[in-house]
Amino acid sequence: MGNIDISVILIFVALIFVCGISFSKSGKNMKSYFSAGGALPWWMSGLSLFMSFFSAGTFVVWGAIAYQSGWVAISIQWTMCISGIIIGFVIAPKWQKTKAMTAAEFITDRLGYKTQRNYTYLFLLISIFTMGAFLYPVAKIVEVSTSIPITTSIIGLGILILIYTSVGGLWAVIVTDVLQFVVLTAVVLIVVPLSFDKIGGIDNFIDKAPDNFFQFVNEEYSPLFLVAFGLYNLFFIAGNWAYVQRYTSVATPKDAKKVGWLFAALYAVSPLVWMLPPMIYRILNPELSGLANEGAYLLMCKEVLPVGMLGLMLGGMIFATSSSVNTTLNISAGVLANDVYKHFRPKTSDESLVKVGKLATIILGVITILIALMVPYFGGIVEVVMTLAALTGGAMFLPPIWALFSQKQTGASILSVTLISLSINAFFKFLSPAVFYLKLDRATEMGLGVGVPIVLLVIFELYFSYQQKGNNQYTVYLEKMKHKSGVVIDDTSEDNKKGARVIGIGVAATGLIILVLSFIAESGALLVGSMGLLVSILGCFIIYKSLNNR
C-alpha cells in the first residue's frame, strides 16, 4: 500500500470522525443520546440496521466462505433477506408499539425487573464477545493491507471507535453508518468489473471455477444448516437488543415496517455483488489455505483497485466494523445506564445518566479490545461467529420476541427457556466432544440452537393454556402501556435535518475524493470518475432535500 492510499485512509477517517463528533451536543438527555429522540427517519434507521449487521466481518467471514465454497456464501446471506421480510411484516412494528427505549425496558415492563436483570447480565456477557468478533475482522483487513501487526490494529481501532461513539451517541452511529453504506457500495461496484477483467471475463470465471463452486449448498453448509441459520438470523435480527433499537427509534409502526423491508431489499441484492470478488480471487490464486482465506477479499482489491481506491475501501471497512461495534456499545451502555443504574438511583438526572452511559461505553470498549485480541486462540473468526450463532441466537433472542405476542408467558418461563437452551447448547459444544467424543456437525449444532427454545416455548404455551389461569404480569404490562401511549415523542425535526445535512456533506465529500482519484488512476479511470461523479451528485441531492424539508 502506497502513500496515496494511506493518505486517503487518513482523510476518510478524519471525515467520518468529524461527522460523528458533530453530534456531541445532540445527546443532552437519554432519549436523544440512546434513541435519537425516538423519531428517526426510517431510511436512516434501515440503512443503519443493514450496516450494523453488515460490518467488515462480511468481507472476512463470508468472504472466506465465498473463496472456499463459492455460491454457498450468497445462499447463506439470502436467509437474511427472508428474515428481514418477516420482521418488517410482523415483528418490527410490534417492537415500536412497546414505546420502550431499549429491549431491556420492554422486558422490565412485560416480565419484571428480576427477569430483566438476568437477561442484562447475559446480554452484556455475550455482547463483549460479539463486539470482539466484530473488531477482529477489520484489524485482520488492516494487517493484510498494510502489514501493521493485528494486535496494534485492534488496539488502535478500538480506541478510535470508543472516542466518537462515547461522544456522539446514536446519531453518530446512524450518520456514519449511512456514509459507510454509500462508500462501500461505490467501491465494490468498481471492484467487481475490474476483478472480472483481471481474469479475462465472466466466461473464464465460470470455466475455471472449482467443481460445485456454484451450488447453493454443500456438505458443510447443508439445506438443514440454511434453514437453521435462517431461523437464527430471524431471531437475531428481530431480537438482538442493538437491532431492536432501530425499530424503537422511529416514530410509527409503519416506519418500523419500512426499516425491516429496506434491510430485506438490501440483502436481496448485496450478496450478489459483495461475494463476487473473493470468488473471483479463487480463480486468480487458488493456493490460500487455513486462516489465510480470511484475507481473500482484500487481496482481490489489492490486485485491481487503482491507486488511492484501496485506501478508501479500507477506510470504509474500518468504519463499517466500527458501526457494528459502536451500535452494540451504544445499546449496552444505554442498558447499563437506563435499566440498571437508574433502577438503583431512580432520581438521577438525565444529564448524569448520559455521563454514566459514556463511562459504560469506555469500560465495555476496553473489554471488547481484550476479547478481540483473543479471537485467534478461539479457532479463527469463522469459528467464533458460527459458535456464537449456535449457542446464543435462539436461546437469547427468541424468548423475549415470543413474549411480545404471548399473553401467557411469564418472566420465570421466558428466563427458564433461555437458561435451559444455553445449557444444552454449551454442553454439546464444549463438554460432549471432550467427555463423550460426540461432536455435532455445523448444521445439527445450528438446528439444536434454534430448535430447543422453540420446543420449550411451545411446551410452556400449552401448559399455561391447560391451566387456564390469568397472567398478572400481562395485566400489569397493559396498564403500563396505557400510560406510555400518552407520552409525546420528542421534537426531533431539527436533529433529523442536521443528520441528513451531515450525511449529504459526507457523501458529497467522498464523491469528490473518488473523483480526484480518477485523475491519477492508471487503470479504470473512467469507471472511477463516473462513480465519483454519481456519489457527489447524490450528496448534493441529500443536502438540497435537507435544506428544503420544512
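Note that the coordinates shown come from a computational prediction; the quantities given were computed from them, not determined experimentally. Just so it is clear, the values below take in all heavy atoms, side chains as well, and ignore hydrogens, waters and symmetry mates.
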Query raised in the report: Does a side-chain heavy-atom distance below 4.5 Å link Pro93 with Lys254?
Result: no

**Report entry** side chain to side chain donor-acceptor pair (under 3.5 Å) partners of Ser349, counting only residues at least two apart
**Finding:** Ser352

Query raised in the report: Do any N or O atoms from the side chain of Ser45 and from the backbone of Pro41 form a donor-acceptor pair under 3.5 angstrom?
Result: no

**Report entry** Non-neighbouring partners of Ile82 that pass side chain to side chain contact (heavy atoms under 4.5 Å, CB included), sequence neighbours left out
**Finding:** Ile86

Query - Heavy-atom side-chain contact between Tyr267 and Gln77 under 4.5 Å - result: yes

Query raised in the report: Is there a side-chain contact between Met51 and Leu184, using heavy atoms and a 4.5 Å cut-off?
Result: yes

Report task. For residues Thr98 and Asp109, determine if any side-chain heavy atom of one lies less than 4.5 Å from a side-chain heavy atom of the other. Result -> no

Query raised in the report: Would you say the side-chain atoms of Glu479 pair up with the backbone N or O of Thr475, donor to acceptor, closer than 3.5 Å?
Result: no

Requested in this report: Check Arg246 against Ser48 and note the closest heavy-atom contact, atom names and distance.
Outcome: NE-OG, 2.8 Å

Report summary line: Contacts satisfying side chain to side chain donor-acceptor pair (under 3.5 Å) that involve residues 447-462 (not counting sequence neighbours) are Trp402-Glu461, Ser406-Glu461, Gln409-Glu461

Query raised in the report: What's the shortest heavy-atom distance between Thr348 and Arg345, and which atoms?
Result: OG1-O, 2.8 Å

Query raised in the report: What orientation do Tyr243 and Phe236 show, parallel under 30°, tilted 30 to 60°, or perpendicular over 60°?
Result: perpendicular

Query - Evaluation steps, side chain to side chain contact (heavy atoms under 4.5 Å, CB included), between Lys94 and Val90 - result: CA-CA 7 Å; Lys94 196 75 172 180; Val90 181; over 6 Å; no

Query raised in the report: Can you name the residues that form a side chain to side chain donor-acceptor pair (under 3.5 Å) with Ser83, not counting sequence neighbours?
Result: none

**Report entry** Asp255 side chain to Val250 backbone, donor-acceptor under 3.5 Å
**Finding:** no

Report task. List the atom of Gln473, the atom of Thr410, and the distance in Å for their closest heavy-atom pair. Result -> OE1-CA, 3.2 Å

Query raised in the report: Should we count OH of Tyr437 as having more than 12 external heavy atoms under 6.0 Å?
Result: no

Query raised in the report: Considering all heavy atoms of both residues, which atom of Pro453 and which atom of Ala395 are nearest to each other, and what is their separation?
Result: CG-N, 4.0 Å

Pairs of donor and acceptor atoms involving the side chains of residues 256-263, under 3.5 Å and at least two apart or interchain, shall be tabulated with distances.
none

**Report entry** side-chain hydrogen bond (donor to acceptor under 3.5 Å, both in side chains) assessment of Gln116 paired with Thr120
**Finding:** CA-CA 6 Å; Gln116 179 264 102; Thr120 296; 2.5 Å; yes

**Report entry** Trp95 ring center near Phe106 ring center (under 6.0 Å)
**Finding:** yes

**Report entry** Side-chain heavy atoms of Gln407 within contact of Tyr477, under 4.5 Å
**Finding:** no

Query raised in the report: Got Trp274 and Trp62 here, is their nearest side-chain heavy-atom distance under 4.5 Å?
Result: no

Requested in this report: Look at the rings of Phe460 and Phe464 and say which category their plane angle falls in: under 30° parallel, 30 to 60° tilted, over 60° perpendicular.
Outcome: parallel

Query raised in the report: Any donor-acceptor pair under 3.5 Å linking the side chain of Ser432 with the backbone of Leu438?
Result: yes

Report task. Please report the closest heavy-atom contact between Pro399 and Leu457, naming both atoms and the distance. Result -> CA-CD1, 4.1 Å

Report task. List the steps and the verdict of side chain to side chain contact (heavy atoms under 4.5 Å, CB included) for Ile76 and Leu226. Result -> CA-CA 6 Å; Ile76 294 172; Leu226 289 186; 3.8 Å; yes

Query raised in the report: Quick one: CG on Asn218 to CG on Asn212, what's the gap to the nearest 0.5 Å?
Result: 8.5 Å

Query - Under 3.5 Å: donor-acceptor pair, side chain of Thr444, backbone of Leu440 - result: no

Query raised in the report: Looking at side-chain heavy atoms only, is the closest gap between Trp42 and Leu47 below 4.5 Å?
Result: no

Query raised in the report: Mind checking whether Trp241 and Ile107 have side chains closer than 4.5 Å, heavy atoms only?
Result: yes

Report summary line: Rounded to the nearest 0.5 Å, the CZ atom of Phe213 sits from the CD atom of Gln68 at a distance of 8.5 Å

Query raised in the report: Atom CG in Leu49, atom CE in Met44: separation rounded to 0.5 Å?
Result: 15.5 Å

Report task. Can you measure from CZ (Phe428) to CD (Glu445) and round to the nearest 0.5 angstrom? Result -> 11.0 Å

Query raised in the report: Taking all non-hydrogen atoms of both residues, which atom of Phe405 and which atom of Ile401 are closest, and how far apart?
Result: CD1-O, 3.3 Å

Query - Phe216 and Val72: CA distance, side-chain angles, deciding distance, side chain to side chain contact (heavy atoms under 4.5 Å, CB included) verdict - result: CA-CA 5 Å; Phe216 281 73; Val72 166; over 6 Å; no

Report task. For Asn118 and Leu419, run side chain to side chain contact (heavy atoms under 4.5 Å, CB included): C-alpha distance rounded to whole Å, both residues' side-chain angles, the deciding distance at 0.1 Å, then the answer. Result -> CA-CA 10 Å; Asn118 288 288; Leu419 295 177; over 6 Å; no

Requested in this report: To the nearest 0.5 Å, tell me how far Ile237 CD1 sits from Asn233 CG.
Outcome: 4.5 Å

Query raised in the report: Is it true that the side chains of Thr418 and Tyr119 contain a donor and an acceptor less than 3.5 Å apart?
Result: yes

Query raised in the report: How would you list, by chain and number, every residue that makes a side chain to side chain donor-acceptor pair (under 3.5 Å) with Thr368, sequence neighbours excluded?
Result: none

Query raised in the report: Do the side-chain N and O atoms of Tyr463 and Gln467 include a donor-acceptor pair separated by under 3.5 angstrom?
Result: yes

Query raised in the report: How many angstroms lie between OG in Ser75 and OH in Tyr221, if you round to the nearest 0.5 Å?
Result: 12.0 Å

